[in-house]
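Down below is the structure, laid out as structure tokens.
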Amino acid sequence: MDISSGFTDTSSPTSRPRVRFAPSPTGFLHVGSARTFIFNWLYARSHGGTMILRLDDTDVERNTEASVSSIFDGLKWLGLGWDEEYKQSERLALHRQTAERIFQRGLAYRDFTPAHTGDSEKSGAQGTWLFNPGMRELSPAESDRRAAAGEPFALRFRVPRDGLQVRFVDAVYGEQAKLAADIEDFALLRSDGMPTYHLASCADDADLGISHIIRGQDHLTNTFKHVLIFEAAGAKPPQFAHLPLLVAPDGTKLSKRRHGPVVSVTTYRDAGFLPEAFINFLCLLGWSPKNDREQMSLQELTAAFSLEGINRANAVVNFKEPATTPEGTFDPKAVWLNAEHIRALTVEDLSARLLPVVCAAGFNVEPARMLRVTPLIRERIKLLRDAVTAADFFFVDQLPPYDSAELIPQKGDAAMALKVLQRAREVLAGVEFKHDPLDGSLRAAAQELAIKPGQMFQPIRVAVCGRKNAPPLFETLEVLGRETTLARIEDAIRKLQ
RNA sequence: GGCGCUAUCGUCUAGGGGUUAGGACGGAAGAUUCUCAAUCUUCAAACCCGGGUUCGAUUCCCGGUAGCGCUACCA
């Protein structure tokens with residue numbers, strides 16, 4: 001008889017799914033984990049379900065507090081939140097009870113073999129890797145005797161060795177089947193009594209009433225073991241949905257060691273990504289709304305999300321391998337999406353997000369001023385950080401030094417630049433500092449000097465901005481004001497003389 | 001090695017027995033413009049290979065190849 005699950009969806013249409021994100025605190029939150037969190041969250045929200053955060057911290061050796069706070073930092077930035085929170089290390093009693101129940105049913109056995117020291121004899125004689133010979137067949141009496149004598153043991157699942165097929169249906173990968181004979185007698189309890197990931201995870205999933213397990217595809221083959229555990233523990237396995245993995249351009253799975261900080265969520269935060277843009281980007285990796293939509297708000301994503309839209313092939317996060325320049329390393333699509341989301345923000349909202357970034361860069365900026373500058377740079381920045389270089393001249397008293405040759409307009413010379421600036425000084429002393437009057441008077445001045453408007457504007461632009469590429473001139477002058485403008489033109493004239 | 005999964009432009013993807021194989025990012029060219037952006041237009045760019053099935057396969061099946069995953073008293 002086959003052990004199977006998931007062939008029928010017994011959940012009624014009205015039942016609320018319960019999903020969980022279960023990171024193990026052994027490192028920072030990386031982008032693949034973030035995407036798993038997001039997909040779970042989206043599924044829960046789009047079905048009126050419950051999102052659960054569970055720290056899978058059964059590996060005492062490798063867990064760190066720093067990792068816990070790093071994961072919370074990342075999740076907090078995403079801003080999605082969750083409904084319930086658990087820590088596996090606080091649920092050990094449940095895990096042991098579950099192990100005991102499985103053992104009592106004869107579906108697990110004690111393995112007194114000393115813990116493996118390494119990868120040793122895995123590829124040895126065929127079949128021997130499946131279990132430790134001798135232990136599986138130990139008589140109950142002998143097993144009890146050695147246990148009573150205090151001999152340490154690991155508890156192993158007694159995987160059926162007949163022709164049994166373990167089956168489940170994956171919402172993404174379809175029907176899955178595997179011969180139990182190809183599954184090793186995996187451990188449930190370590191010799192120190194601590195549960196393994198497989199046991200703790202299944203025991204908790206059952207106990208917490210998890211209805212859908214949405215996780216990385218690296219767990220696809222583990223799921224056969226999990227189905228075995230659920231059944232042995234007398235629990236109905238939940239629905240499964242495995243997500244294609246996020247990989248680096250070289251095809252290998254993302255790792256900080258190999259690929260650097262681009263795999264950490266906080267790197268995106270610190271570079272000035274909008275969380276909603278980052279979420280949008282991650283959603284497009286391995287999932288598609290199938291309608292050519294790309295830029296989507298969280299509401300739109302929630303409405304569009306479905307397990308059917310998830311595809312099966314690994315997705316490359318297309319960052320540049322040598323993580324040299326911070327901005328140049330990100331996937332160009334992520335950067336583009338961020339720019340799209342920036343433009344979708346109201347000026348007030350964008351301004352409020354820009355302010356702390358600019359202040360953190362060392363500029364002393366009033367909120368009111370930021371609000372006036374924001375419309376001038378919003379189409380010129382892709383990451384929030386870009387505001388620092390795009391708008392610096394609005395925030396300083398003294399312009400940083402620039403080459404006076406920059407003041408010379410196209411097809412002109414220093415004499416023309418000087419003439420332009422001197423005329424501009426006169427004009428700007430009298431005109432009202434509003435877009436239209438500035439436009440009109442400066443164009444008129446160009447005509448008087450018999451030069452093109454561009455030749456008139458460029459020296460002024462460089463004089464007030466300190467560089468050639470900048471926001472539109474009249475709006476810029478408006479924000480800068482007469483005093484600053486005239487002072488900077490004065491400086492420019494001095495540079496030319 | 002064993003077992004499992006996957007394969008459409010450089011990247012993310014849509015599609016699906018008969019299509020000019022669609023979109024997006026990035027790239028190139030052009031338009032617009034006071035510079036830069038933004039915007040608009042255009043262009044280049046893909047069905048891994050081999051067998052079947054079929055009137056017809058990129059699509060369905062099988063095999064190969066490649067990549068990835070699991071194969072721990074890690075998760």
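Bear in mind the structure is a predicted one, so any value in this text is a computation, not a measurement. In what follows, every chain begins at residue 1, and chains take the letters A, B, ... in the order their sequences are listed.
- Between rC47(B) and rU41(B), the two P atoms lie 27 Å apart (nearest whole Å).
- Distances shown here put a side-chain N or O of Thr58(A) below 4.0 Å from the OP1 or OP2 atom of rA75(B).
- Remark: the separation of the C1' atoms in rC73(B) and rG4(B) is 24 Å, to the nearest Å.
- In Gln447(A), the CD atom is not crowded: 12 or fewer heavy atoms of neighbouring residues, nucleotides or ligands sit closer than 6.0 Å.
- Gln176(A) has no side-chain polar atom (N or O) that falls below the 4.0 Å cut-off from OP1 or OP2 of rG4(B).
- The nucleotide rC47(B) finds no pairing partner, because no Watson-Crick or G-U wobble arrangement with both distances shorter than 3.5 Å includes it.
- Neither OP1 nor OP2 of rG4(B) sits under 4.0 Å from any side-chain N or O of Lys178(A).
- Between Arg443(A) and the phosphate of rC34(B), there is a side-chain N or O to OP1/OP2 separation shorter than 4.0 Å.
- Nucleic acid contact class of Arg312(A) (heavy atoms, under 4.0 Å, all strands): sugar-phosphate only.
- Figure legend: cation-pi geometry between Arg146(A) and Phe153(A) absent, as NZ or CZ is not positioned both under 6.0 Å from the six-membered ring centre and within 45° of its axis.
- Between Tyr268(A) and Phe330(A), the two ring planes are tilted [angle within 30° to 60°].
- Within the nucleic acid shown, Gly286(A) comes within 4.0 Å of sugar-phosphate atoms alone, with no base atom in reach, counting heavy atoms only.
- Between rA38(B) and Lys382(A), a contact under 4.0 Å exists linking OP1 or OP2 to a side-chain N or O.
- Side-chain atoms of Thr223(A) and Arg215(A) include a donor-acceptor pair closer than 3.5 Å.
- Among the protein residues, Asn222(A) comes within range of the nucleic acid bases, having at least one heavy atom under 4.0 Å from a base atom.
- Counting non-hydrogen atoms under 4.0 angstrom, Thr221(A) reaches a base of the nucleic acid.
- rA46(B) and rU39(B) have their P atoms separated by 26 Å, with the value rounded to a whole Å.
- Sorted by residue number, the members of residues 337-346 of chain A with any non-hydrogen atom under 4.0 Å from RNA chain B read Glu340(A), Arg343(A).
- Checking rU71(B), rC73(B), rA38(B) against every side-chain atom of Lys225(A), the shortest atom distance belongs to rU71(B).
- Between Asn291(A) and Pro23(A), the residue anchored nearer the 5' end of RNA chain B, judged by the nucleotide with its closest heavy atom, is Asn291(A).
- For rG26(B), the OP1/OP2 oxygens have no side-chain nitrogen or oxygen of Lys333(A) closer than 4.0 Å.
- Between rG50(B) and rC55(B), the two C1' atoms lie 22 Å apart (nearest whole Å).
- Residue-level contact check: Ser288(A) touches the backbone only, with heavy atoms under 4.0 Å from sugar-phosphate atoms and none from bases.
- Closest to the side chain of Asp292(A), out of rC68(B), rU35(B), rG22(B), is rG22(B).
- Ring-plane geometry between Phe240(A) and His242(A) is classed as parallel, the angle between the planes falling under 30 degrees on a 0 to 90 degree scale with a further cut at 60.
- Taking side-chain N and O atoms only, Arg293(A) has no distance below 4.0 Å to OP1 or OP2 of rG23(B).
- Within 4.0 Å of His198(A), counting heavy atoms only, lies at least one base atom of the nucleic acid.
- Of the listed nucleotides (rC70(B), rC3(B), rU35(B)), rC70(B) has the atom at the smallest distance from the side chain of Lys253(A).
- In this structure, Arg35(A) atom CZ and rC12(B) atom P are separated by 12 Å, rounded to whole Å.
- As rounded to whole Å, 17 Å separates atom P of rU35(B) from atom CG of Leu407(A).
- The C1' atoms of rA31(B) and rC49(B) are separated by 45 Å, rounded to the nearest whole Å.
- The stretch residues 467-474 of chain A touches RNA chain B through Lys468(A), Asn469(A), Ala470(A), Pro471(A), Pro472(A), Leu473(A), Phe474(A), each having a heavy atom under 4.0 angstrom from the strand.
- Considering only side-chain atoms of Ala315(A), the nucleotide from rU13(B), rA75(B), rG23(B) that sits closest is rU13(B).
- Each of rU35(B), rC68(B), rC3(B) was ranked by its minimum atom distance to the side chain of Asp182(A); first place goes to rC3(B).
- The side chain of Leu245(A) lies closest to rG69(B) when the candidates are rU11(B), rG69(B), rC73(B).
- Classified by interplanar angle (parallel below 30°, tilted 30° to 60°, perpendicular above 60°), the ring pair Phe37(A)/Phe21(A) is perpendicular.
- Residue contacts for Asn311(A): at a heavy-atom cut-off of 4.0 Å it reaches the sugar-phosphate backbone alone, with no base atom in range.
- For Val316(A), the listed nucleotide lying nearest its side chain is rC12(B); candidates were rU6(B), rC36(B), rC12(B).
- Taking the P atom of each, rU11(B) and rU20(B) are spaced 26 Å apart, rounded to whole Å.
- Rounded to whole Å, the separation between the P atoms of rG26(B) and rC62(B) comes to 40 Å.
- rU54(B) and rC43(B) have their P atoms separated by 40 Å, with the value rounded to a whole Å.
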